[in-house]
Amino acid sequence: MALIDFFDRGWSISPQGTAYIQDDRHYSYTEVGELSCRVAHALLATGLPKETKGAVWAHNDTTAWVCALGLWRANMCWLPVGARNPADENQEVLHRFDCEVLFFQQAYAPVIAALQPRLPKVRHWICIDGEAPEVRGAVALQAWVRDQPTHKPHLRVDLDDVVAVSPTGGTTGVPKGVMNTHRSLQTMFAHYLIACPYDDAHRPVCLAAAPMTHTSGMLSMPATARGGTVVILSKPDPALMLGAIGSHRVTELFLPPTVIYRLLDIPDLAKKADFSSLKYFAYGAAPMSVDKLKQAVEVFGPVMMGGYGQTEAPGSIAYLPPGEHFVDGRLASDARLASVGRPNPLVQVEIMDDEGRILPRGGTGEIVVRGDLVMKGYYKDPEMTARTIVDGWLHTGDIGSLDGEGCLHITDRKKDMIISGGFNVYPSQVEQVIWAHPAVRDCAVFGVPDPQWGEAVKAVVELNEGQTVGADELIALCKRKLGSVCAPKTVDIVQVLPRSPVGKVLKKDLRAPYWAGQARHI
């Protein structure tokens, strides 16, 4: 299937049904489908070829997402940019990855106008919600598509055509462009459709709480393929989110762990919102505290769904579906809850040592992945592609193991592993212990230079509101649970940990001052 076929399947199931809800506005499948066709025809009328890069610079918005659908309908390539990213960061992404078409909202017109001289490759500027006279050459979307037909264009599509170039690898300061295709993304959607069944009497209602330009956009597509409804939140407001779950009878949503922790901090949360409609509450993109996962099951019900993926193998290397959180009606062991579940059916997953040998069950090494889920490669970077995909195996850079049940455990990112006095210390194991302390909301563990041990374990901790705990108490807790080697030598208590726009704790920002001018071993 071409990527747009997933939307079109929902369109055929429920042409007058509600495809998207934003605020009080309902958008039918036919309304959205026809606008995406007009956008596609307008794109094709420019004479631009397939795989042309187009971006949408906007906050969560239905029309903005329709522009992404229009790019796919024209067999062009979506270049995700985060509206909340620094302007210079978005400019670097747009320029490095050859963006030629930029859709944007009026609110960002002044920023984009200032960046225009640094974006010489952009040939078409389309304002999706009105006029933008400050942006040279910009046209309003409605004027741009006014005379375009509403029928689907007939295009020849190759499953290996690139439909998304996603920036990643910010730890180096230079983003890599991950090229995903119709083939890799349809495999992601297939995994989700297999893992999250619905009976014929019900259609999904997906809450797009996270930015559509990152996780929520792609994760909404399986719901759309079933003729379901996507509820789009204009801003990441916890009160709006909780209200939307109950009022729209939301059945599925995704949130990163750090946002879930903040919800769990709300007193009497279960009494303040109605979660009875939820079937699949997906978490991922960062490790989840086992203790907080147990708390989430108590509050939200038996609906939690863990997941593991990378941009290079999008979103679905392994899942821990709701039922796998239990054994014989009781919560599963901490070991299983700490895993990301079993590898999904349309992908091969193994553990490999540094010599490229596949390890037996229980062995710890690099997680490698093979199958249609794997990216095509890095944009205009054949050398990095060749280093990352070897003999068909994607080297994820994650350290992990497969246990006797076939569940995949992620120990840590290879680059995050700490070598202290010759011993390997995995930050995620230390973080699990610190997370379990009732005063702790979130934490980050990383290595800092040490003249005696090479690296010393350091923790930076964010506390729950109104809670206190001393560094010595947390260090002593880690020594009891893990031993002296793994226990932090120092702990800093901070008001707020630095996070990305999608909620990931930015360890690189915490680590950088300690390693300035020094080379790490990994």
Side-chain angles (χ1 to χ4, degrees), residues 1-13 19-20 29 32-44 48-56 62-81 97 99 101 103 151-167 177-194 196 204 206 208 211-228 230 254 309-316 344 346-347 371-377 379:
M1 292 176 69
L3 204 57
I4 195 62
D5 292 339
F6 287 86
F7 174 85
D8 286 350
R9 187 176 188 275
W11 190 0
S12 68
I13 291 171
Y20 301 94
Y29 272 91
V32 169
E34 289 183 349
L35 179 55
S36 72
C37 289
R38 293 164 69 195
V39 170
H41 281 291
L43 287 165
L44 294 168
L48 295 170
K50 72 175 186 177
E51 299 185 339
T52 292
K53 314 302 179 297
V56 185
T62 303
T63 304
W65 184 242
V66 175
C67 292
L69 296 177
L71 283 164
W72 289 330
R73 195 175 291 285
N75 201 24
M76 294 184 183
C77 179
W78 179 47
L79 182 57
V81 293
F97 303 131
C99 180
V101 181
F103 298 92
H151 63 76
K152 302 172 188 176
H154 299 289
L155 299 175
R156 188 181 185 88
V157 171
D158 187 309
L159 286 183
D160 293 316
D161 289 340
V162 176
V163 290
V165 174
S166 302
V178 176
M179 296 188 293
N180 275 302
T181 62
H182 295 285
R183 187 187 304 277
S184 61
L185 290 172
Q186 76 165 358
T187 305
M188 170 189 168
F189 300 157
H191 279 155
Y192 194 89
L193 291 166
I194 292 167
C196 302
C206 174
M212 299 286 281
T213 50
H214 291 275
T215 49
S216 286
M218 287 297 187
L219 289 178
S220 72
M221 291 294 281
T224 299
R226 287 172 159 140
V230 179
F254 165 85
Q310 295 190 321
T311 311
E312 291 88 341
S316 64
N344 282 318
L346 304 179
V347 69
D372 285 351
L373 183 67
V374 173
M375 67 172 180
K376 191 170 187 175
Y379 186 67

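Worth knowing before you read on, the calculation uses all heavy atoms, side chains too, and leaves out hydrogens, waters and symmetry mates.
With a 4.5 Å cut-off on side-chain heavy atoms, I4 and L69 count as touching. Within the 4.5 Å cutoff, the side chain of F6 has no heavy atoms near those of the L185 side chain. Two residues are said to be in side-chain contact when any heavy atoms from C-beta on lie closer than 4.5 Å; H191 and L346 meet this criterion. Contact of the M188 side chain with the L219 side chain is registered, since non-hydrogen atoms from C-beta on lie closer than 4.5 Å. For the pair L159/D372, no side-chain contact is recorded, criterion being any heavy-atom separation below 4.5 Å from C-beta on. Using a 4.5 Å heavy-atom cutoff, the side chains of W65 and S220 are in contact. F97 has its side chain out of reach of M179: every pair of non-hydrogen atoms, C-beta onward, lies at least 4.5 Å apart. Counting heavy atoms from C-beta outward, L3 and Q186 have side chains that stay 4.5 Å or more apart.
Counting only N and O atoms by type, the side chains of N75 and H182 include a donor and acceptor under 3.5 Å apart.
Looking at residues two or more places apart in sequence or on another chain, you find a salt bridge (charged side-chain N to carboxylate O under 4.0 Å, His left out) between R73 and D8. Residues passing the salt bridge (charged side-chain N to carboxylate O under 4.0 Å, His left out) test with R183, sequence neighbours excluded: D160. Every salt bridge (charged side-chain N to carboxylate O under 4.0 Å, His left out) that D161 has, sequence neighbours left out, goes to K50.
In this structure, the separation between CG on N180 and CD on E312 is 8.5 Å, given to the nearest 0.5 Å. Atom-to-atom distance recorded for W11:CH2 and S36:OG is 6.0 Å, nearest 0.5 angstrom. Here the OG atom belonging to S12 is positioned 9.5 Å from the OH atom belonging to Y29, to the nearest 0.5 angstrom. How far CD of E51 is from CG of L71: 13.0 Å, rounded to the nearest 0.5 Å. With values rounded to the nearest 0.5 angstrom, K53 atom NZ is found 9.5 Å from C99 atom SG. Taking CE of M221 as the reference point, atom CG of L193 lies at 10.5 Å (rounded to 0.5 Å).
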- Please test L43 against T52 for side-chain contact (heavy atoms from CB on, under 4.5 Å), starting from the C-alpha separation and ending with a verdict. CA-CA 10 Å; L43 287 165; T52 292; over 6 Å; no
- Message: Let's go through V39 and F103 carefully: what are the C-alpha distance in whole Å and the side-chain angles of both, what is the deciding distance for side-chain contact (heavy atoms from CB on, under 4.5 Å) to 0.1 Å, and is it a yes or a no?
- Response: CA-CA 11 Å; V39 170; F103 298 92; 4.0 Å; yes
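Ring-plane geometry between F7 and Y20 is classed as parallel, the angle between the planes falling under 30 degrees on a 0 to 90 degree scale with a further cut at 60.
For the residue pair M218 and F189, the shortest heavy atom distance occurs at O-CE2, 3.4 Å. Between C67 and V56 the shortest heavy-atom distance is CB-CG2, 4.2 Å. Of all heavy-atom pairs between P222 and Y192, the closest is CB-CD2, 3.6 Å. In terms of heavy-atom proximity, I13 sits nearest to A225 at CD1-O, 3.7 Å. Considering all non-hydrogen atoms of both residues, V165 and G177 come closest at CG1-CA, 3.8 Å. Scanning both residues, S184 and V374, for their nearest heavy atoms gives CB-O, 3.8 Å.
The backbone N or O of P314 lies less than 3.5 Å from a partner atom in the side chain of S316, making a donor-acceptor pair.
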